[in-house]
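Order of the sequence lines sets the chain letters (A, B, ...), proteins ahead of strands, with each chain counted from 1.
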Amino acid sequence: MRLISLKNHKLLTSTAESHYDRLLKSPANNHSRIKQIHSSLVTSGLLQISPHLTAQIIINYSKLGHPRSARSLFDELVSNSSKPGSFLWNTMIRAYTNNGQWSDALALYSLMRRSGVWPNNYTYPFVLKACGHDPSAGIWSGKTVHGELIRNGLESDLYVEAALVIWYAKCGELNDGRKVFDGMTSRDLVCWTTMITAYEQAELPRESLMMFGFMQQQQGILADSVTVVSVASAVGQLGNVKSARSVHAHALCCGILEDVCGGNAIVAMYGKCGDVESARMAFDRMEERDIISWNAVLSGFVQNGQAREAFSLFELMKESGCRPNPLTALIMLSACSFLGSCQLGMKIQGFLVDNKITVDLTLRNALIDMYAKCGDLETAMGMFNDIGVRERDVTSWNVMIAALGTHGRGKEALDLYLRMQEEGVRPNHITFVSVLSACSHAGLIDEGKNCFADMQRFSVKQEVKHYACMVDMLGRAGLLNEAFDLVRTMPSPPNDGVWGALLLACRVQGNSELGEVAANNLFLLEPEHPGYYVLMSNVYAASRKWHEVGNLRTEMKSRGLMKPAAVSMIEYRGEIVGFQTADWLNPFRHEAYKKLEGIAVEMKSRGYFPDRSCVLHDVEEEDKDHILNYHSEKLAVAFGIIKSEAGSTITVMKNLRICCDCHSAFKLISDIYRRRIVVRDGNRFHHFEAGSCSCNDYW
DNA sequence: GTAGGGTTAG
């Protein structure tokens with residue numbers, strides 16, 4: 001009799017267990033439903049006898065983002081001295097890692113060890129993942145874990161090994177990761193993807209693509225969407241359109257584009273490779289789009305200088321019902337910066353408010369940056385001052401220092417640099433780029449040298465980009481030899497930025513011998529970059545070496561390189577109007593040309609002579625005047641004068657540097673026509689007013 | 001009875 005009842009009891013229990021198991025696995029569960037099930041399991045006493053159901057509750061809490069509820073249940077078990085086995089510890093550690101609570105996961109693991117519970121092959125993948133993500137966990141933590149799992153004889157478990165590979169890669173020990181990978185007896189798709197991703201994240205795209213090719217050809221393993229996402233990202237780093245197409249083709253045959261993540265990766269890849277048309281096509285063909293898809297295609301357009309197209313896409317995005325997020329706002333603000341349009345920037349700012357998108361510090365910093373880049377330094381400064389001194393982060397200071405620097409207000413930039421230190425904010429590598437280039441723009445050589453020396457005091461590494469700032473600063477100040485010495489003695493090999501700065505200085509200083517040295521290095525490093533050929537031919541032209549100019553032109557032609565066209569943009573009635581020389585499609589060209597003729601007459605009557613030295617063609621002097629008079633920036637300014645009143649400000653954005661004749665002309669024009677003229681060129685801002693320029697002719 | 005690899009941005 002007693003035997004039967006016990007049997008019945010067991011039967012009942014197992015029926016109840018499977019009933020609850022089914023309930024707990026329902027996809028429709030929410031937090032309150034799980035709490036209900038949890039409490040009825042406690043009252044029925046089932047929870048205490050079923051580790052399986054306990055695990056299910058923990059997993060559910062974790063999935064719903066409530067690892068704390070899971071932990072209190074877990075703690076109860078421990079205090080009831082029911083001694084949960086490794087299985088439940090693993091489940092709880094997993095709950096933490098799945099919610100990104102890396103340090104909690106590691107703390108629990110350490111408690112597990114102290115409680116004398118033995119970790120197993122299921123434990124280590126979670127623990128290693130947490131080691132790789134938790135910034136407070138040093139390299140030793142993972143190495144300790146590695147040693148420990150070897151002692152436990154788990155070093156040849158597929159899952160543990162894959163976790164080790166990704167952990168080594170995360171902390172920069174890629175070679176050790178590769179050793180683990182090479183030592184594996186079998187590798188599945190996930191292991192290969194791990195290694196491919198490891199190379200991609202270490203910014204070694206070639207190695208990543210090699211592994212991808214090897215996996216497919218030698219091992220015959222088919223990629224899935226996760227693999228393709230990593231490979232697409234590697235191709236994006238490489239920026240090679242051909243590879244992009246082959247990855248795209250691969251994604252097409254595997255049906256990976258039906259996956260939103262896969263599609264997003266392809267769109268982003270094309271954007272980074274500079275092929276916006278393909279990015280747009282891949283985007284249009286996606287079956288399903290999320291906010292990441294929109295951000296990817298938008299930033300592709302902005303990064304490739306198609307900011308206007310980005311704005312029409314942004315309108316489409318809103319119509320489609322996809323709600324922009326703070327990242328979308330950042331992308332659109334950089335589009336405003338590119339166009340130099342404060343009006344569009346204000347629209348984006350209004351959009352944020354209307355849609356209750358929280359304007360956090362990151363966005364406030366981005367707004368400051370946008371206003372400064374659109375020429376409205378006063379608004380930028382006002383916003384910077386509105387952020388409480390305690391609230392400002394290092395980016396706030398960096399953005400404002402860079403803004404003052406590009407507007408030529410070097411002393412104020414240096415002042416902010418000192419103030420940030422007084423406020424206890426530590427300058428970082430970006431601060432020094434901003435402050436050094438601020439010194440460079442303002443010709444503050446001694447101050448710049450002091451800042452460069454400060455870097456060691458703040459233990460900020462002097463990187464190649466900082467050397468480029470120094471070379472620019474010294475070279476443009478006429479200290480070409482000192483600049484060249486720095487190039488020769490710098491600790492790492494100079495890159496195109498450094499040689500480019502030197503070449504530019506040679507043009508300003510008219511030194512064609514040193515210019516050749518810089519240019520030859522540039523032609524080796526960046527043979528397909530048209531800007532450097534143009535710059536060197538400018539150096540030759542300034543010394544009237546027309547033969548050499550001709551040779552460079554032939555070289556460019558044979559490589560199929562084109563000199564980028566100069567475009568100047570100005571805002572008119574909320575639209576951006578672009579001016580180019582010989583642009584027959586511009587509806588405003590007639591009035592602009594006509595006005596320019598009038599301006600030329602007016603200037604001549606004031607005794608102005610065109611500065612022919614900056615026309616770099618071998619042509620007759622009178623033709624030079626003609627070329628000079630119709631530069632894109634002059635057309636834009638003439639148009640600005642027609643459409644504005646005396647006493648107002650005209651703002652023009654140019655993609656290339658302003659020429660010296662336009663610079664002298666604008667000083668006079670600002671006086672004759674009583675306009676403030678703000679010109680943003682490829683390098684900095686010039687504020688012309690009452691006959692002089694804010695740069696004091698140092699540029 | 002439990003596991004592993006990931007996308008946008010700067």
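In the set B:dA9, B:dA3, B:dG4, B:dG4 carries the atom at the smallest distance from any side-chain atom of A:Cys191. Set against B:dG5, B:dT8, B:dG6, the side chain of A:Lys272 has B:dT8 as its closest nucleotide. Nearest to the side-chain atoms of A:Lys129 among the listed nucleotides B:dT8, B:dG5, B:dT2 stands B:dG5. Closest to the side chain of A:Gln201, out of B:dT2, B:dG5, B:dT7, is B:dT7. The side chain of A:Tyr159 lies closest to B:dG4 when the candidates are B:dG4, B:dT8, B:dG1. With distances taken from any side-chain atom of A:Asn120 to the nucleotides B:dT2, B:dG4, B:dG6, the minimum falls on B:dT2. In this structure, of B:dA3, B:dG6, B:dG10, it is B:dG10 that holds the atom nearest to the side chain of A:Gln303. Proximity note for A:Ala268 (side chain, C-beta onward) versus B:dT8, B:dG4, B:dT2: the nearest is B:dT8. Residue A:Asn264 places its side chain closer to B:dT7 than to any other of B:dG5, B:dA3, B:dT7. Listed nucleotides B:dT7, B:dG1, B:dG5 differ in distance to A:Phe87; the shortest reach to its side chain belongs to B:dG1.
Using cut-offs of 30° and 60° for the angle between ring planes, the A:Trp102 and A:His133 rings count as parallel.
If you check every strand for non-hydrogen atoms under 4.0 Å, A:Leu327 touches a base. In this structure, A:Asp157 reaches the bases: a heavy-atom distance under 4.0 Å links it to at least one base atom across the strands shown.
Side-chain atoms of A:Thr194 stay outside donor-acceptor range of the base of B:dG5, with no qualifying N/O pair under 3.5 Å.
Residues A:Tyr61 and A:Phe74 keep their aromatic ring centres 6.0 Å or farther apart.
Between A:His146 and the options A:Trp167, A:Tyr124, A:Tyr168, a side-chain hydrogen bond (donor to acceptor under 3.5 Å, both in side chains) holds for only A:Tyr168.
For A:Asn428 and A:Thr431, the side-chain atoms include at least one donor-acceptor pair closer than 3.5 Å.
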